[in-house]
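As a basis for the values below, the full set of heavy atoms in this structure was taken, side chains included, without hydrogen atoms, waters or symmetry mates. Chain naming here is simple, since letters A, B, ... match the order of the sequence lines and numbering starts at 1 in each.
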Amino acid sequence: MNDNGCIHLNNFKAAKGTNPYKIVHAFFVTCTSFEARRYKATSCLCFTCGKPGPRMHSCLHCIFFACYDGHIQDHSKSKKHFLYVDLSYGNVFCAQCQDYIYDRELTEIAMSHRMKEAKSLGISVPFMPWLPNNNEAMALRRLRKRRLISPHTTIGLRGLQNLGSTCFMNCIVQTLIHTPLLRDYFLGEKHKCKAQGSGKCLVCEVSKLFQEFYSGAKTPLTLHRLLHLIWTHARHLAGYEQQDAHEFFIATLDVLHRHCMNGVEDTEKKENGRCNCIIDQIFTGGLQSDVVCTSCSGVSTTIDPFWDISLDVAGPGSLQACLERFTRAEHLGSGAKIKCSKCRAYRESTKQLTLETLPIVASFHLKRFEHSSQIDRKISAFVSFPAELDMTPFMSSHRRAVDMGAADNNNAPEGIFEDNRYSLFAVVNHLGSLDAGHYTAYVRQMKGSWFKCDDHMITRASLREVLDSEGYLLFYHKTVLEYECDVS
Amino acid sequence: MKMNTIVSELSMNDLNNKFFEIMQNEDNAVEAANFIYESVIEDVTLGFLFEFHHGLKTGLTDLIEGEKEEEDLYKIVNTTECDVFGFSIMKKTPDSNCSCPNCERPVSATRFAPHLEKCMGMGRNSSRIASRRIASNSREPTSYAGLLSDDEDDADWAGGSLHTERRKRRIKNNNNRKSNKLHNGNRNNNGHQNSDSNDGGATYESMSANEKKNLLLQICGVVSEHTKKLCTRSIRCPQHTEEQRRALRNSVLEPSTPESQTMGLTAEEAGSPPDSSPSSSCSSSSRKRDRHRAPPKIKNKRERNMSPNGRD
Amino acid sequence: MTVNNTIAHQRLILSGDRERFKELLRRRLIECGWRDQVRMLCRDVVKENESNNVTFETLVTKVTPKARAIVPDSVKKELLQKIKTHLLTQKDQ
């Protein structure tokens with residue numbers, strides 16, 4: 001990469017080091033504290049014309065702020081101070097080269113300041129492009145061919161052979177392979193395994209699968225090793241026979257989550273039963289349960305982790321209606337009194353569930369299979385589900401805002417950014433009756449490009465077809481990703 | 001008056017006061033909003049231009065973009081008779097052989113799952129063979145894991161039918177029980193289906209009373225009508241009732257021992273902690289652990305409070 | 001540039017809200033594809049220029065006017081609305 005600045009900047013660095021830049025940047029480009037912001041707001045004005053813009057720059061050689069309307073240029077010429085810094089982004093202009101120049105060392109300083117600033121403002125870190133190191137740059141130069149996912153190629157698609165009523169497994173595998181963050185994790189080779197090559201690690205097996213799916217090969221795959229691994233590590237599933245895809249999904253996440261511990265990457269256990277493995281990062285959300293005592297109004301709140309949300313199907317309706325029912329306050333009748341710690345007695349109460357934290361991938365399970373002592377049946381009622389879903393009405397924060405009389409959370413400082421939009425990317429359907437059925441899946445390769453996965457048969461599908469399908473498991477991905485920084 | 005003098009002479013307080021004064025008037029706010037918007041959009045535009053310029057000048061863009069691979073090799077086939085790979089949709093997938101990870105023998109792919117089930121000792125016949133093997137083994141009676149089992153092994157695998165009795169029961173059980181498997185941290189030692197070891201142990205009959213007592217602290221124990229074996233699920237296994245468990249323990253242990261009294265008690269009887277919802281079939285002490293996901297809406301609660309079609 | 005506007009502007013810098021609005025606008029412009037369109041405009045300039053040495057100023061002069069013109073109305077409206085509401089609902093600290 002050609003980010004070694006220019007000869008003029010290098011001479012300057014040789015003479016004065018990076019401190020002048022660091023200081024200007026920390027005070028006037030990013031503001032990591034209120035004091036810094038105050039200074040910027042009140043003192044950052046053009047020395048020549050007094051205006052706060054346009055495009056303020058700071059001289060790197062002396063203390064001089066000026067706008068780009070000719071004033072910084074004049075200063076630069078008259079004082080022969082050739083380097084000045086733009087205060088919006090921290091880029092260095094070299095008047096001798098007559099252009100902005102880029103120096104890796106300074107870029108890295110700027111990036112670390114940006115992270116600090118974002119943290120202090122409580123916004124997620126702005127996306128900063130990946131900068132390859134020397135080895136990576138060399139590899140990229142040497143290997144110039146790029147394989148892209150496109151709506152016109154089969155890259156990312158593979159059929160899966162049915163091993164004897166294993167369509168439930170095939171559908172879940174198709175879903176996982178098409179989960180964007182999971183794909184990025186595995187294709188980025190983030191799993192480095194202590195148990196590598198032993199054939200015992202499910203995460204390693206899945207990693208191999210990703211390689212297969214993106215290899216461009218066209219023949220269907222046989223997931224015999226995967227099946228064996230899951231039956232070994234999730235004994236309760238074992239025993240052949242057609243199984244429930246939802247059950248299999250949860251069991252697979254569980255085994256992956258456990259096996260992530262084999263990796264040499266930093267997997268630590270946090271509280272709430274969550275760890276920072278990729279599975280928890282992607283799939284774990286927090287479900288808040290508030291129980292309010294009807295006598296004293298005392299609230300007892302708990303937050304529990306979840307990987308999916310199981311919703312009752314009560315006749316035809318919509319996913320949103322199911323979620324609305326799910327998060328409705330329910331009065332627990334006199335037969336279900338709870339012991340209120342404030343009243344110290346058994347009282348009636350209301351209970352309400354809301355979503356405290358949403359996972360990056362939100363999975364919904366429509367409970368279509370009913371088993372009771374009287375009846376076993378499948379509820380085939382049509383439940384419509386959208387391609388884009390806003391989860392705001394079901395969030396704990398929304399409920400709090402409503403309770404306080406605000407229409408929404410939009411004007412609280414975090415509220416500007418509260419973005420709970422989700423996009424559908426996979427649907428698993430069960431066709432047929434309780435006794436004889438078959439699972440198929442729809443997966444999204446890219447926006448607008450959907451495919452139907454019926455074991456080894458992969459065909460193109462329209463969004464309409466997907467949205468008209470019955471829907472048993474629905475998978476949504478957060479539309480806009482936010483990055484957290486670990487700056488302590 | 002010059003702008004800079006005005007602003008730089010204002011102290012913080014003055015700035016704030018002036019600001020609130022100005023914002024009493026909505027027109028001022030509209031005008032200020034426009035001004036600020038213009039300033040911000042210009043800033044953002046410059047930012048995108050800088051990103052482009054940086055990528056161009058440092059060569060990063062070219063480095064990352066490289067050359068696009070030829071797509072012809074992987075082009076999606078766009079006819080109705082074929083799938084995306086060009087395979088006819090009429091043709092059934094040709095079977096292939098794969099190597100069983102368990103026994104390392106070659107197995108036909110379409111019959112792999114039933115093979116694996118037997119191979120791993122999970123089918124009906126295999127469990128009978130295994131129990132015979134166990135009975136003749138007489139080892140130390142420390143592990144109950146060899147005691148079979150869950151009624152699950154009953155039905156024949158050959159059916160391929162989706163929701164037989166056995167599976168329905170498993171689904172129902174798992175809807176309540178699944179949670180126990182997941183957030184491993186606090187799970188107590190119930191009849192672990194997750195255990196990777198499957199050692200044989202002595203049979204139940206050959207255990208001493210003490211050993212039986214210990215065993216019954218860990219598993220449901222109700223004898224299955226189908227298999228005539230003990231249920232090895234947890235002591236809160238929803239397939240069997242508390243009465244069944246109590247009856248079993250009463251017949252096995254002395255009626256007056258504390259074990260027979262307290263085993264298998266539900267939350268209502270033991271007194272529930274403040275924040276639990278007691279009307280579930282799982283005892284409340286496991287509620288928190290169970291709640292890795294949405295607790296299922298409890299049937300009896302619904303019947304009482306809601307009309308059959310939902311609350312409206 | 002009036003006194004009122006400057007004061008409002010300074011106030012937003014102080015509270016950090018200007019940065020927040022900037023980030024919000026940035027996100028919206030990426031989501032609606034505007035950033036990609038601007039990239040294409042930049043590429044066109046590079047092609048025209050033949051030499052790979054396009055200066056930043058060239059990009060600014062050649063691309064900015066067109067880029068500003070294609071900002072979707074919905075994005076502009078949303079930002080204006082949010083900024084205005086924010087200015088009017090600031091509480092006395």
Side-chain angles (χ1 to χ4, degrees), chain B residues 1-69 71, chain C residues 1-15 17-19 21-30 34-36 38-39 41-43 45-46 52-60 63-64 67-68 71 75-77 79-93:
Chain B
M1 248 200 305
K2 266 193 157 172
M3 290 307 137
N4 61 331
T5 342
I6 293 174
V7 177
S8 55
E9 276 176 4
L10 286 175
S11 71
M12 284 288 299
N13 264 338
D14 286 347
L15 181 69
N16 280 333
N17 292 336
K18 236 359 182 115
F19 175 78
F20 288 120
E21 197 184 301
I22 292 166
M23 291 307 155
Q24 296 302 313
N25 181 336
E26 189 170 329
D27 288 337
N28 287 339
V30 170
E31 199 192 312
N34 268 298
F35 176 77
I36 289 164
Y37 169 79
E38 291 299 319
S39 153
V40 170
I41 181 80
E42 163 151 349
D43 221 338
V44 171
T45 307
L46 283 177
F48 288 143
L49 292 180
F50 269 124
E51 277 173 34
F52 182 87
H53 188 249
H54 174 270
L56 179 70
K57 251 200 130 151
T58 58
L60 180 64
T61 303
D62 179 63
L63 202 57
I64 291 183
E65 285 183 0
E67 284 159 33
K68 201 164 113 163
E69 186 184 48
E71 288 189 340
Chain C
M1 188 181 305
T2 67
V3 177
N4 288 352
N5 290 340
T6 312
I7 288 176
H9 190 238
Q10 306 291 58
R11 166 72 191 218
L12 281 198
I13 292 181
L14 265 170
S15 60
D17 290 316
R18 187 181 181 280
E19 276 307 304
F21 282 122
K22 191 169 142 186
E23 181 56 30
L24 177 65
L25 179 60
R26 192 170 184 279
R27 268 193 218 184
R28 292 289 184 260
L29 291 175
I30 292 175
W34 183 85
R35 181 178 67 170
D36 297 328
V38 171
R39 270 218 196 107
L41 291 174
C42 292
R43 276 181 213 249
V45 172
V46 173
N52 242 6
N53 244 336
V54 177
T55 64
F56 185 75
E57 274 328 293
T58 313
L59 287 174
V60 171
V63 174
T64 313
R68 295 296 304 273
V71 173
V75 174
K76 179 169 179 179
K77 275 206 187 100
L79 260 294
L80 281 175
Q81 167 62 33
K82 290 208 158 106
I83 297 172
K84 180 182 110 174
T85 311
H86 182 81
L87 291 174
L88 290 172
T89 56
Q90 287 296 284
K91 297 211 172 70
D92 221 323
Q93 275 149 351

Heavy-atom cut-off 4.5 Å, strictly under: side chain, backbone, both or neither for [X] against chain B?
X: C:L12; value: side chain
X: C:L29; value: side chain
X: C:L79; value: side chain
X: C:V71; value: side chain

> With a 4.5 angstrom heavy-atom cut-off, which part of B:E51 approaches chain C: side chain, backbone, both or neither?
Replying inline: side chain
> Non-hydrogen atoms of chain C under 4.5 Å away: do they reach the side chain of B:F19, the backbone, both or neither?
Replying inline: both
>> Within the 4.5 Å heavy-atom criterion, are B:F52 and C:V63 side-chain neighbours or not?
In response: no
> Heavy atoms, side chains only, cut-off 4.5 Å: are B:L56 and C:F56 in contact?
Replying inline: no
Going from [atom1] on [X] to [atom2] on [Y], what distance comes out if it is rounded to the nearest 0.5 angstrom?
X: C:N4; Y: B:M23; atom1: CG; atom2: CE; value: 7.0 Å
X: B:E42; Y: C:R68; atom1: CD; atom2: CZ; value: 6.5 Å
X: C:N5; Y: B:E38; atom1: CG; atom2: CD; value: 11.0 Å
X: C:L88; Y: B:E26; atom1: CG; atom2: CD; value: 5.5 Å

>> Using 30° and 60° as the class boundaries, would you call the ring planes of B:F48 and C:W34 parallel, tilted or perpendicular?
In response: tilted
> Are any of the side-chain nitrogens in B:E65 or C:R43 under 4.0 Å away from the carboxylate oxygens of its partner?
Replying inline: yes
>> Using the side-chain contact (heavy atoms from CB on, under 4.5 Å) definition, which of the options B:I41, B:V44, B:I36 pairs with C:K22?
In response: B:V44
>> Between B:H53 and C:E57, is the side-chain contact (heavy atoms from CB on, under 4.5 Å) condition met? List the steps.
In response: CA-CA 10 Å; B:H53 188 249; C:E57 274 328 293; over 6 Å; no
> Quick one: of B:A33, B:A29, B:A32, B:G47, who has the most non-hydrogen atom pairs under 4.5 Å with chain C?
Replying inline: B:A33
> Do you know which of C:R39, C:R18, C:K84 has the most heavy-atom pairs under 4.5 Å to chain B?
Replying inline: C:R18
>> Please determine whether side-chain contact (heavy atoms from CB on, under 4.5 Å) holds for the pair B:L49 and C:V38, giving the CA-CA distance in whole Å, both sets of side-chain angles, and the decisive distance to 0.1 Å.
In response: CA-CA 8 Å; B:L49 292 180; C:V38 171; 4.2 Å; yes
